Amino acid sequence: DSYSGIAWATDDAIVVGSARPHRPGLGRIAATGGTVRPQTTPREETSVHGFPYLAPDRKTLLFTDWGPGFIEDDVLAVGVLESGSFQTTSLRAGRTAGVVDGHVVYTAGASLMAVPIDSRRARLAGEPIRVIENVTLSDLRTAHLSTSGTLAYMRGQLSKRLVLLERDSRTQTISGDEHNMWSVGRFSPDGHRIALDVWKPSGDTSTVDIWTFDVKDRAFTRITSLGNVGEPNWTSDGTGLLFTTWFTRNVALWRQVADGSQPPEKLLEVPNGVGLFQVAATPDGQGVVFCRGTGFNGTDMIEELLYMPFAGARTPVPLVDEPMGSVCSGRVSPDGRWLAYTAMEAGRPHIFVRPFRAAGGRVKVSDSNGVQPIWSRDGGRIFYSHIAAEGGRPWVAAVSVRATRRALEVVGRERVVQLPPQTRAFDVGPGDGRILALVPSLDRIQLMVTTNWLPSQPMVKSWVTL
């Protein structure tokens, strides 16, 4: 299981964050191991509890109650360790940094906030104040406050560079690090532009919007202003972009003119609790293939691969009836005959190919594992992300394929290039010779440390540049 944070409850017990899909609330486990017992139970079906923090009184439990939206409904919650009771607040929060001088100090977007707490009643006792700005916005812990008042936090924003990886392991950097790009981005059909999503802090929240990058001019252009959209991909003629609303509130599939000259068009809206992702237009320009996540079934994520035509009623129809876990993705071959997709087999993800919207069986084309299939532009190869050894860095692998009248045959395999650390997503550049990836940059980050800090006092800082 993967837990969203831990905190010592007592000398012999640990509070752990949620472990979706098995347990959405906080749990409690003996320090020597054993069964995780429920500590909290979310009141809403779509809520998840994580990042537990036990206050210095060892009784008050603080944590983040994640809602189904992007981050606009992620709030601070205050509970009682012994009983498991809690109340959610209206304060937007990332995670608790600490408790000192009767205040809870927590991150909210790119800000560090402080709010008075009445620990005897396990409830907040005043209004929050903003104490520090430009705190690094990240899913990781970026601020920590000790009980003695030593505050350490990261200042400045994470950023990434677009790079092209050559087969001989050479790397060409094609963009600066002025933006924090969320996903790797997708080349336009002509190879001149890259569509990507950019994450930016905004007060105590953040936004994600679609941008394009001109490969020749090395220039970024913002396309949308919705604030909670991502995973863009191009229409087959390169004149438009497809993308989805993130997370599981007010989820929709959108189409936008690629130069941003017109407002986006909503193609499909689904109920809260449903996710849309891995959007890819069909080569004929008539429709879109995408994944839809509808929650959990016991211990498995329920995801399905669908096709929706742009014309008519726009009713999505399933493409395959196979278990996909949380690795769903699919792409149609350039000639429109074949569907390459990811599905689970014997507990591992693999790449399969079957006829697109036609009768016929599937062919497994990956060897030991694979996710995120991408066709070469001539349809002769399928690229995918592959982990060669347990715990190792992913490679981009490729299989050469040959079509017969009723099936697709694998006629060759190769490892193309190893991806950078902490990277699994990629795209294939024009000519199928180079691989597009993102490389994180810490050049704009500083580690700040101050001692004897109180929320109401000015800080004396020292810092280390990372």
Side-chain angles (χ1 to χ4, degrees), residues 70 159-165 172-200 207-246 251-268 276-283 285 287-291 310 329-332 334 372-377 383 385 396 423-432 434-439:
F70 177 34
S159 56
K160 297 175 184 175
R161 296 182 176 94
L162 289 164
V163 299
L164 290 174
L165 308 176
Q172 178 189 359
T173 301
I174 61 172
S175 80
D177 66 349
E178 61 266 40
H179 293 299
N180 186 8
M181 292 162 273
W182 187 258
S183 59
V184 67
R186 300 296 176 193
F187 272 106
S188 59
D190 61 12
H192 295 164
R193 292 168 294 169
I194 298 170
L196 40 85
D197 39 20
V198 173
W199 191 14
K200 287 187 175 292
T207 62
V208 180
D209 272 298
I210 309 302
W211 293 56
T212 58
F213 176 75
D214 189 291
V215 177
K216 180 181 178 181
D217 295 338
R218 302 291 198 265
F220 287 94
T221 301
R222 183 173 178 169
I223 303 300
T224 72
S225 57
L226 294 171
N228 64 337
V229 292
E231 293 195 349
N233 215 331
W234 297 85
T235 56
S236 57
D237 61 4
T239 63
L241 292 164
L242 300 169
F243 51 88
T244 64
T245 309
W246 276 35
V251 180
L253 171 61
W254 303 81
R255 179 169 56 188
Q256 168 93 40
V257 176
D259 62 6
S261 61
Q262 300 178 24
E265 174 192 10
K266 186 183 294 185
L267 301 176
L268 175 69
L276 300 176
F277 44 94
Q278 291 292 334
V279 177
T282 55
V288 58
V289 172
F290 62 95
C291 296
F310 290 138
S329 60
R331 295 288 186 92
V332 179
Q372 302 175 18
I374 298 176
W375 290 90
S376 64
R377 302 197 178 204
F383 296 85
S385 179
V396 174
T423 301
R424 191 159 189 176
F426 71 97
D427 197 24
V428 181
D432 306 325
R434 295 186 294 180
I435 300 300
L436 178 69
L438 285 176
V439 175

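Nothing here was measured: the structure is a model prediction, and the numbers come from that model. Each residue takes its place number in the sequence, starting with 1. Reckoned from all heavy atoms, side chains included, excluding hydrogens, waters and symmetry mates.
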Check for a donor-acceptor pair, side chain of W199 on one end and backbone N or O of M181 on the other, with a separation under 3.5 Å.
-> no

Counting only N and O atoms by type, is there a donor-acceptor contact under 3.5 Å from the side chain of R222 to the main-chain atoms of T224?
-> yes

Is the closest side-chain heavy-atom distance between L436 and F426 below 4.5 Å?
-> no

Donor-acceptor under 3.5 Å (W375 side chain, R331 main chain) = yes

Compare all side-chain heavy atoms of P264 with those of F243 and state whether any distance is below 4.5 angstrom.
-> yes

Going by atom types alone, do T239 and D237 pair a side-chain donor with an acceptor below 3.5 Å?
-> yes

Quick one: does V396's side chain get under 4.5 Å of Q372's, heavy atoms only?
-> no

Answer whether the closest heavy-atom distance between the side chains of F310 and L267 falls below 4.5 Å.
-> yes

Are the side chains of L253 and V279 in touch, meaning some heavy atoms are under 4.5 Å apart?
-> yes

Q172 versus R434, side-chain donor and acceptor atoms under 3.5 Å | yes

List the atom of R186, the atom of D427, and the distance in Å for their closest heavy-atom pair.
-> CA-OD2, 3.3 Å

Parallel, tilted or perpendicular for H179 and F220, by the 30°/60° rule?
-> perpendicular

What pair of heavy atoms forms the shortest contact from A281 to T235, and how long is it?
-> CB-CA, 4.0 Å

V288 vs T282 side-chain heavy atoms within contact, under 4.5 Å = no

Minimum heavy-atom distance between L162 and S175, given as atom pair plus value | N-OG, 2.9 Å

Hey, does the side chain of T245 reach the backbone of V251 with a donor-acceptor pair shorter than 3.5 angstrom?
-> no

Which residues pass the salt bridge (charged side-chain N to carboxylate O under 4.0 Å, His left out) test with K200, sequence neighbours left out?
-> none

Taking every heavy atom of P283 against every heavy atom of P334, the minimum-distance pair comes out as CB-O, 3.5 Å

Contacts of S188 that satisfy side chain to side chain donor-acceptor pair (under 3.5 Å) - sequence neighbours left out = D190

Output yes when a side-chain donor or acceptor of D209 lies under 3.5 Å from a complementary backbone atom of L226, and no otherwise.
-> yes

Check: Q256 side chain, Q262 main-chain N or O, donor-acceptor pair, under 3.5 Å = yes

Side chain to side chain, L242 and R255, heavy atoms closer than 4.5 Å = yes

Between P373 and S329, is any pair of side-chain heavy atoms under 4.5 Å apart?
-> yes

Just by modelled atom types, is the G238 backbone N or O under 3.5 Å from a matching donor or acceptor in the R193 side chain?
-> yes

If you measure from the Lys or Arg side-chain nitrogens to the Asp or Glu carboxylate oxygens, is any gap between K160 and D177 under 4.0 Å?
-> no

Taking only residues two or more places apart in sequence or in another chain, which ones pass side chain to side chain donor-acceptor pair (under 3.5 Å) with D197?
-> S183

